[in-house]
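Take a look at the structure set out below.
On a predicted model such as this, the values are computed, not experimentally measured, just so you know. Reminder, nothing fancy here: chain letters follow the sequence lines and each chain counts from 1.
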Amino acid sequence: MLQQTTVKAVISYYERFLTHYPTVQDLAAAPLEDVLHLWAGLGYYARARNLHACAKRVSERGGFPNTVEELLTLPGIGAYTARAIAAIAFGRPVVPVDGNVERITARLNATEEPLPAARPLLAKQAALLNADPDAQSRPSDFAQALFDLGATICTPRNPTCLTCPWQTSCIAHARGIAAQLPAKQPKQTRPTRYGIHFLLHDSNGQALLRTRPPTGLLGGMDELPGTDWRSAPWSEDEALTHAPCLTDWTHRGEIRHVFTHFTLYLTVYEAYLPQSHNAGIDSSFGTFRSTTRAALPGVMKKCLALTKQTPETR
DNA sequence: GATCCGTGGGG
DNA sequence: TCCCCAAGGAT
């Protein structure tokens, strides 16, 4: 959960997750659908799919591997997580390299090569950080101390070098360039995409929902039926030709959602099916289900939040 | 190596 | 409002 996600955002999800799945066997035995439901809103949903697959592997092999090499073979576990588990759970003297450790390392060594090209070099330099026997004897404490140093002192902006225990050995600080490191490659502009989605209620308080393909963007998550997300905006007439059925659609509003690599604007139409008409909708648009039981990503929760809202509350 | 993959908070 | 960044991994 902590991959690319802040502790604050994770905590409530983590606690709820462990309540449902106290052991790795519990997680391995759970349907992926339930796992995605518990993950909904946290983002990077491949992590949930990988964690579930990982639990199955661990359960099948009768326990967790305790070496970096074996951990690396598990789904969702890469160079960072393998070392974090090895150090924190199994006391192996390795240094997990996350964003914090990359930043600390770049500053200690005044490494000016920009990310991401500098990553292999920073990994080699970071592996030497625990050369001190005291560090080697407490791999878990040392790893977490590095995370905390990066989170509280050696921060991305305005690092508080005055209180840093490593100030005297930091080359970047000596040169007065700590705050500028690590350098980063300029990023490309984020494109914009547009889509239309339809919120159709039946007479039982359920909504028309469909499940996205198992991999890729929002893989395995649920959504309101709608159009593709394309670079050109949709006209109202064109949009309505993609509706699940002919009925009295109300333009309910628009939402904006920023993904990692594009910004999305969605227009939402809403309608209520009369009691006698909740059949005859093509299955490609989904099925009528409870929205509270669905695995809805943040972008779809925004769409649902538009229902019956007045402009003043928006 | 470059891309793809969410969401929330801080400055 | 906008940009940055977060206990990264897979393809």
**Q.** Same-atom distance (P) from dG9(C) to dG8(B), integer angstrom
**A.** 22 Å

Q: Between Ile77(A) and Arg190(A), name the one whose nearest nucleotide on DNA chain C is closer to the 5' end.
A: Arg190(A)

Q) Any side-chain donor paired with an acceptor under 3.5 Å for Asp282(A) and Ser284(A)? A) yes

Under 3.5 Å donor-acceptor pairs involving side-chain atoms of residues 85-93 of chain A, not counting sequence neighbours:
{"from": "Arg92(A)", "atom 1": "NE", "to": "Asn66(A)", "atom 2": "O", "distance (Å)": "2.3"}
{"from": "Arg92(A)", "atom 1": "NH2", "to": "Asn66(A)", "atom 2": "O", "distance (Å)": "3.3"}
{"from": "Arg92(A)", "atom 1": "NH2", "to": "Asn66(A)", "atom 2": "OD1", "distance (Å)": "3.4"}

Q | Inter-nucleotide C1' distance (dC5(C), dC5(B)), Å rounded | A | 16 Å

Q. Do Asp248(A) and Tyr272(A) come close enough that some side-chain heavy atom pair is under 4.5 Å?
A. no

Q: Pick base, sugar-phosphate or nothing for Gly150(A), based on heavy-atom distances below 4.0 Å to the nucleic acid.
A: nothing

Q. When rounded to the nearest Å, what value does the distance between P atoms of dA7(C) and dC4(B) take?
A. 25 Å

Q | Option passing side chain to side chain donor-acceptor pair (under 3.5 Å) with Thr267(A) (candidates His197(A), Glu254(A), His251(A)) | A | Glu254(A)

(Q) Would you say Gln4(A) places a side-chain N or O within less than 4.0 Å of OP1 or OP2 belonging to dG8(C)? (A) yes

Q. Looking across every strand, which nucleic acid part, if any, lies under 4.0 Å from Pro75(A) by heavy atom: base, sugar-phosphate, or nothing?
A. sugar-phosphate

Q) Is Arg289(A) salt-bridged to Glu33(A), cutoff N-O under 4.0 Å? A) no

Q.
Does a side-chain N or O of Thr81(A) approach OP1 or OP2 of dG9(C) to a distance below 4.0 Å, or not?
A. yes

Q.
Please identify the 5'-most and 3'-most nucleotides of DNA chain B with any atom under 4.0 angstrom from a heavy atom of chain A.
A. dC4(B) to dG10(B)

Q: Quick one: label Ala79(A) by what it contacts on the DNA or RNA (base, sugar-phosphate, nothing), any heavy atom closer than 4.0 Å.
A: sugar-phosphate

Q.
Counting only heavy atoms from other residues, nucleotides and ligands, does the tally under 6.0 Å from CZ of Arg138(A) exceed 12?
A. no

Q: Measure from OH on Tyr44(A) to P on dA10(C) and round the result to the nearest Å.
A: 14 Å

Q) Looking across every strand, which nucleic acid part, if any, lies under 4.0 Å from Arg119(A) by heavy atom: base, sugar-phosphate, or nothing? A) nothing

Q) Toward the 5' end of DNA chain B, which comes first, Ala117(A) or Val299(A), by nearest nucleotide? A) Ala117(A)

Q: Return the 5'-most residue of the pair Leu42(A), Asn158(A) with respect to DNA chain B, ranking by each residue's nearest nucleotide.
A: Leu42(A)

Q. Reckon Lys184(A) has a side-chain N or O less than 4.0 Å from the OP1 or OP2 of dC5(C)?
A. yes

Q: Return the value, rounded to whole Å, for the distance between atom CG of Leu71(A) and atom P of dG9(C).
A: 12 Å

Q) In whole angstroms, how far is the P atom of dC5(C) from the NE2 atom of His261(A)? A) 19 Å

Q. Do His201(A) and Glu270(A) meet the criterion of a side-chain donor-acceptor pair at a distance under 3.5 Å?
A. yes

(Q) Of the options dA7(C), dC2(C), dC4(C), whose atoms approach the side-chain atoms of Arg256(A) most closely? (A) dC2(C)

Q: Would you indicate what Pro96(A) reaches in the nucleic acid, counting non-hydrogen atoms under 4.0 angstrom: base, sugar-phosphate, or nothing?
A: nothing

(Q) If I take atom CD in residue Gln3(A) and atom P in nucleotide dG8(C), what distance separates them, rounded to the nearest angstrom? (A) 7 Å

